[in-house]
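What you see is a predicted model; the values in this text were computed from it and never measured. Whatever order the structure lists them in is the order used to number ligands and atoms, beginning at 1.
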Amino acid sequence: MTIADTTTPVGGPTLPQERRLVTAIPGPRSQEVLDRKSAAVSAGVSHSVPIATVAAGGGVIVDADGNSLIDLGAGIAVTTVGNAHPKVVAAVQQQVAQFTHTCFMVSPYEQYVDVAEALNRLTPGDHAKKSALFNSGAEAVENAIKIARKFTGKTAVVAFDHAYHGRTNLTMALTAKNMPYKDGFGPFASDVYRAPLSYPYRDGGLSGAEAAKNAITMIEKQVGAANLAAIIIEPIQGEGGFIVPADGFLNALVEWCRANDVVFIADEVQTGFARTGTMFVSEQFGIVPDLITTAKGIAGGMPLAAVTGRAEIMDATHGGGLGGTYGGNPVACAAAIATIEVFESEDAPARARAIGDILLPRLREMQAADPRIGDVRGRGAMVAAEFVDPATGEPDAALTAAVAKKCIAEGVVVLTCGTFGNVIRFLPPLSISDELLREGLDVVADALANS
Ligand SMILES: *Cc1c(COP(=O)(O)O)cnc(C)c1O
């Protein structure tokens with residue numbers, strides 16, 4: 001069995017791998033749930049696809065009316081091994097029947113240690129590493145900053161333009177975009193500074209070295225290495241628009257951090273775990289981060305996150321300084337162990353590259369035929385198209401929203417992103433079939449042609 005044919009949750013109904021519309025989206029049963037949602041759930045928790053989900057697997061999401069939508073979002077890069085992968089389902093079922101929780105800080109268990117060992121082995125670099133587990137990407141980022149501050153005895157942190165690191169107070173400060181992430185939620189955590197990014201499509205094509213020099217000059221003049229605990233960066237930005245920096249940009253930042261006793265944190269919450277065609281995207285840039293944060297794809301949909309890094313940095317914190325009631329929950333750990341086994345035994349990075357080999361040429365072909373696609377970029381199964389006004393090059397968020405809306409109406413789940421809201425991102429589960437992926441892209445092409 002390979003990732004591409006894990007369409008049948010163990011003991012569950014088979015899920016036909018097809019796009020099937022039996023009602024308009026949303027259908028009446030979904031609408032009923034959405035009406036109850038409006039009445040019962042905070043208006044702050046919005047959704048982009050107006051359906052009530054009842055099943056998902058392989059490359060489809062099935063709604064309460066029996067519509068089957070092609071999934072090109074994987075729950076924001078989470079269900080990389082597919083929804084309800086049989087091995088993950090079995091591991092979760094076994095663990096949940098064994099014990100659901102003790103709190104690792106009260107009485108530890110082996111499953112947490114297994115995950116830590118796997119992370120230490122799989123993350124870039126062959127130095128001694130240690131890990132700590134948490135519940136969400138934002139919590140991992142918060143802890144990476146705590147760890148870096150404790151280790152260096154310094155307090156300032158630098159994040160980058162277009163960054164996304166989460167929605168908690170410290171991570172809102174690190175995140176760049178105001179709406180919807182920060183507006184009205186201040187004051188934000190202090191001693192956080194923002195540096196310019198390498199954004200080849202929009203920075204006039206600066207080389208990686210030139211863009212890094214701009215960032216480093218800003219850091220040296222406005223923050224000072226003597227005050228700086230860490231810089232944190234997504235090696236390819238996720239919510240910011242799948243921005244791939246120019247070659248050499250990240251390497252120069254890492255080198256500068258090494259020379260200045262600054263901890264380099266790679267936030268691989270979205271890029272991690274086979275998504276980009278290697279286990280971690282840092283490998284593709286030839287960088288070895290001091291600390292790396294992971295979450296999303298780590299546990300087949302179960303909530304789990306981690307900080308992994310140099311043992312001497314991870315061990316600088318006093319006992320009791322890190323942790324949390326649920327961090328490294330045994331059921332989530334069992335899911336992670338099974339997920340990681342699937343990544344390794346089924347060569348998930350190769351599957352991600354194969355998906356990229358379908359996504360990139362098709363989107364470039366669409367770009368060649370339609371100047372409203374300004375840029376196509378990404379790696380593996382993490383690819384995006386940036387939409388612009390061809391006359392001015394200005395971001396076209398209205399077109400992007402219209403294309404996404406049409407795709408959803410036609411039964412294809414696509415997600416948008418970008419500081420300017422003008423990027424459609426493709427993050428399919430690796431369990432999607434080539435046929436379904438191609439059909440999904442046909443729908444995107446039609447949606448664009450009709451927008
Ligand atoms: C999603 C994301 C986060 C936040 O993760 P949550 O689990 O939503 O808290 C942090 N960093 C990056 C790069 C992300 O994509």
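- Proximity of a side-chain donor or acceptor of Arg194 to a complementary backbone N or O of Ala159 within less than 3.5 Å is not detected.
- By the definition of a contact as any protein heavy atom under 4.0 Å away, atom 9 (O) of ligand 1 is in contact.
- Contact between Gly238 and ligand 1 is absent, with no heavy atom of the residue lying under 4.0 Å from the ligand.
- Here the shortest heavy-atom pairing between Gly300 and Thr339 reads N-OG1, 3.2 Å.
- Heavy atoms of Lys296 found under 4.0 angstrom from ligand 1 belong exclusively to the side chain.
- No donor-acceptor pair under 3.5 Å is formed between the side chain of Asp183 and the backbone N or O of Met179.
- Those atoms of ligand 1 that come under 4.0 Å of a heavy atom in Asp267, given as number and element, are 10 (C), 11 (N), 12 (C), 13 (C).
- Taking a cut-off of under 4.0 Å to the non-hydrogen atoms of Gly137, the atoms of ligand 1 that pass are 4 (C), 5 (O), 6 (P), 7 (O), 9 (O).
- Take Arg36 and apply the side chain to side chain donor-acceptor pair (under 3.5 Å) test, not counting sequence neighbours, and it matches no residue.
- Note on residues 123-161: no pairs pass ring pair (Phe, Tyr, Trp, His ring centres under 6.0 Å), not counting sequence neighbours.
- Near Ser136, the atoms of ligand 1 lying under 4.0 angstrom from a non-hydrogen atom of the residue are 7 (O), 9 (O).
- A perpendicular orientation is assigned to the rings of Phe99 and Tyr109, their planes being inclined by more than 60° (bins at 30° and 60°).
- Close approach of ligand 1 to Ala138 is summarised as follows: ligand atoms under 4.0 Å from at least one heavy atom of the residue are 4 (C), 5 (O), 6 (P), 9 (O).
- Using a 4.0 Å cut-off to heavy atoms of Glu234, the atoms of ligand 1 that qualify are 13 (C).
- Between His165 and the options Asp267, Thr293, Thr171, a side-chain hydrogen bond (donor to acceptor under 3.5 Å, both in side chains) holds for only Asp267.
- Residue Gln270 has at least one N or O atom closer than 3.5 Å to an N or O atom of ligand 1.
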